[in-house]
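Each ligand, and each atom within it, is numbered from 1 in the order the structure gives.
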Amino acid sequence: MEGRTIWWEEGGVGLIDQTLLPGRYEHVVCTTVRRLVVAIQRLEVRGAPALGVAGAYGIALACSMALQESPDTFHQSVQQDAAALRSARPTAVNLAWGVDQVLAAVMEEDNPAAAAHLALRLAEALADEDEAICRLIGSHGAGIIPDGATVLTHCNAGALACSAWGTALGVIRSAVADGKDVSVISCETRPLLQGSRLTAWELARDAIPVTTIIDSQAAYLMQKGEVDLIIVGADRICRDGLFNKIGTYMHAVTARYHQIPFYVAAPKSTFDPSRSVLDVIVEERERDEVAAFCGVRTVPDDVPVRNYAFDATPFDLVSGIITEEGIITRPYEHPWLVP
Ligand SMILES: CSC[C@H]1O[C@H](OP(=O)(O)O)[C@H](O)[C@@H]1O
């Protein structure tokens, strides 16, 4: 579907294969839940809101597949597929949220064909709502970006991380649409390079000035006074802090030292007041993402590697959380975060 990161098409769930960007723009169609799970685990589709939409479409796909089996096993099959989808990646709360939004309705519908139709209708609505929410986040956040500002961002919280438009990049797009002159510094975001491969690609296509740097250069540019503010996305906002791509905490601490505003842009579906950051499983990914680069070994085989995909940033380092209902500046007191 033109302009969307993930969509339904005859036979399954279509999605842009983000592992091929920026060199190749291709899409895949996942005709089984298993293949969609692999796409999520390989980050062919990634980003918290996009994972929520993937979870929702995944239930529609599970229903479509279960219709080909006995009606007696329909709900059991869908529940098994739901469990596989939920566990594909543990940290972003949106994946489980998207699965649960649609699964709950499916389990209430006894007629399998009606349940399958309902699942697809709900998933489509969730995808449409995600784009609308991103545009609201953008409009609420655009005011924090001064005309002529240089904004640093980390990883990719753009259209590719959502249905469309983006969260952190959505705020930047809205500021540009308001007529402001905005330049962006995108941190490459080792090891999977979402910042160089995806954010730089998105912004270059939109003709928004963007410069890519290695992650360890960010502090130096902040020290030199070349960063006016920072905006990043989020994967799970707990009652005492938030998870985002590994390296976010490093930027937040440096921003505080240099008194640079640090904002997070995220929809309500990313909020999880039931948990402290201490309760969350932080995804650790495979060794070779760090120990090799373009197929060349960069770490001796007998040397261990740590590869956390996310880190936790405490609220006291965050200037505000930009949401579809406005900017939260006192998160500890906000109703969305009171368990
Ligand atoms: C708009 S939320 C995007 C969020 O998701 C990314 O993680 P991943 O690429 O591993 O899915 C990153 O944390 C972004 O900030």
Side-chain angles (χ1 to χ4, degrees), residues 5-6 15-19 21 39-55 88-98 130-131 133-138 141 151-173 186-202 215 230-238 241-252 262-272 277 280-286 289-290 307-313 318 321-324:
T5 298
I6 177 170
L15 53 92
I16 298 168
D17 181 349
Q18 301 184 34
T19 64
L21 288 170
I40 292 170
Q41 291 170 334
R42 290 189 67 246
L43 278 72
E44 293 173 43
V45 59
R46 37 114 343 248
L51 291 178
V53 177
R89 291 186 75 194
T91 308
V93 68
N94 301 63
L95 176 56
W97 172 83
D130 181 76
E131 177 174 359
I133 285 171
C134 282
R135 291 180 183 277
L136 284 172
I137 290 171
V151 181
L152 183 138
T153 192
H154 189 67
C155 198
N156 172 259
L160 290 168
C162 304
S163 242
W165 197 247
T167 54
L169 297 196
V171 172
I172 291 167
R173 287 189 166 105
S186 77
C187 296
E188 66 172 355
T189 315
R190 285 258 314 145
L192 297 181
L193 308 178
Q194 290 93 324
S196 54
R197 294 188 305 104
L198 307 178
T199 291
W201 179 80
E202 280 197 41
D215 301 326
I230 297 174
I231 306 178
V232 297
D235 293 86
R236 188 188 294 253
I237 301 176
C238 301
L242 59 92
F243 284 95
N244 195 54
K245 183 54 51 198
I246 192 78
T248 300
Y249 176 53
M250 168 181 71
H251 294 321
F262 182 92
Y263 284 93
V264 176
K268 185 174 183 181
S269 54
T270 303
F271 284 66
D272 178 12
V277 293
V280 175
I281 296 171
V282 183
E283 181 183 4
E284 283 198 80
R285 295 183 59 85
E286 53 268 21
E289 290 181 356
V290 175
N307 185 15
Y308 282 112
F310 302 98
D311 56 26
T313 298
V318 177
I321 305 172
I322 307 164
T323 76
E324 60 269 42

- With the side chain counted from C-beta on, respond yes when Asn244 and Val264 share a heavy-atom pair under 4.5 Å apart, and no when they do not. no

- Check ligand 1 against Ala161 and write out every atom of the ligand that is under 4.0 Å from a heavy-atom position of the residue. 1 (C), 3 (C)

- Proximal atoms of ligand 1 relative to Ala157 (non-hydrogen, under 4.0 Å): 1 (C)

- Message: Looking at ligand 1, is there an atom of it that comes within less than 4.0 Å of some heavy atom belonging to Glu283?
- Response: no

- Message: Applying the side-chain contact (heavy atoms from CB on, under 4.5 Å) criterion to Arg46, which one of Asp235, Leu160, Ile40, Leu15 satisfies it?
- Response: Leu160

- Which bit of Cys155 is near ligand 1, meaning a heavy atom under 4.0 Å away: side chain, backbone, both or neither? side chain

- Item | Ligand-side contact atoms (ligand 1) for residue partner Gln194, heavy atom cut-off under 4.0 Å | 8 (P), 9 (O), 10 (O)

- Message: Treating Glu202 as the side-chain partner and Ala159 as the backbone partner, does any N or O pair qualify as donor plus acceptor under 3.5 Å?
- Response: yes

- Message: Test your reading of the structure: does Asp235 have an N or O sitting under 3.5 Å from an N or O of ligand 1?
- Response: yes

- Query: Can a non-hydrogen atom of Thr167 be found less than 4.0 Å from any atom of ligand 1?
  - Reply: yes

- Message: Looking at ligand 1, is there an atom of it that comes within less than 4.0 Å of some heavy atom belonging to Ala234?
- Response: yes

- Message: Taking the side chain as everything from C-beta on, heavy atoms only, tell me whether Thr5 gets closer than 4.5 Å to Gln18.
- Response: yes

- Item | Side-chain touch Phe262/Thr248, heavy atoms, less than 4.5 angstrom | yes

- Where does Pro49 meet ligand 1, judged by heavy-atom distances below 4.0 Å: at the side chain, the backbone, both, or neither? side chain

- Message: Return the closest protein heavy atom for atom 9 (O) of ligand 1 as residue, atom name and distance.
- Response: Arg46 NE, 2.7 Å

- Message: Test your reading of the structure: does His154 have an N or O sitting under 3.5 Å from an N or O of ligand 1?
- Response: no

- Message: Taking only non-hydrogen atoms of Phe310, do any sit less than 4.0 angstrom from ligand 1?
- Response: yes

- Message: Geometry only, no angles: is Asn244 polar-contacting ligand 1 at N/O separations under 3.5 Å?
- Response: yes

- Task: With heavy atoms of Ala48 as the reference, note each atom of ligand 1 found under 4.0 Å away.
- Result: 2 (S), 3 (C), 5 (O)

- For Lys245 and Ala309 the tightest heavy-atom approach is NZ-O, 2.9 Å

- Message: What I'd like to find out is whether the side chain of Asp311 reaches to under 4.5 Å of the side chain of Met250, using heavy atoms alone.
- Response: no

- Message: If I apply the N/O under 3.5 Å rule, does Gly47 come out as touching ligand 1?
- Response: yes

- Region of Leu51 engaging ligand 1 - heavy atom pairs below 4.0 Å: neither

- Query: Identify the closest protein heavy atom to atom 3 (C) of ligand 1: which residue and atom is it, and at what distance?
  - Reply: Asn156 O, 3.4 Å

- Message: For the backbone of Gln41 and the side chain of Arg285, can you confirm whether one donor and one acceptor N or O come within less than 3.5 Å of each other?
- Response: yes

- Can any side-chain N or O of Asp215 pair as donor or acceptor with the backbone N or O of Arg190 at less than 3.5 Å? yes

- Item | Heavy-atom pair with the smallest gap, counting every atom of Ser163 and Asp130 | N-OD2, 2.7 Å

- Please identify which atoms of ligand 1 are closer than 4.0 Å to at least one heavy atom of Leu43. 10 (O)

- Item | Under-4.0 Å heavy-atom contact with ligand 1, by part of Lys245 that carries it | both

- Query: With a 4.0 Å cut-off, would you call Arg236 and Asp272 a salt bridge?
  - Reply: yes

- Looking at Val282 and Phe243, what are the two nearest heavy atoms and their distance? CG2-CE2, 3.4 Å

- Interfacing atoms of ligand 1 (cut-off 4.0 Å, heavy-atom, Arg89): 8 (P), 10 (O), 11 (O)

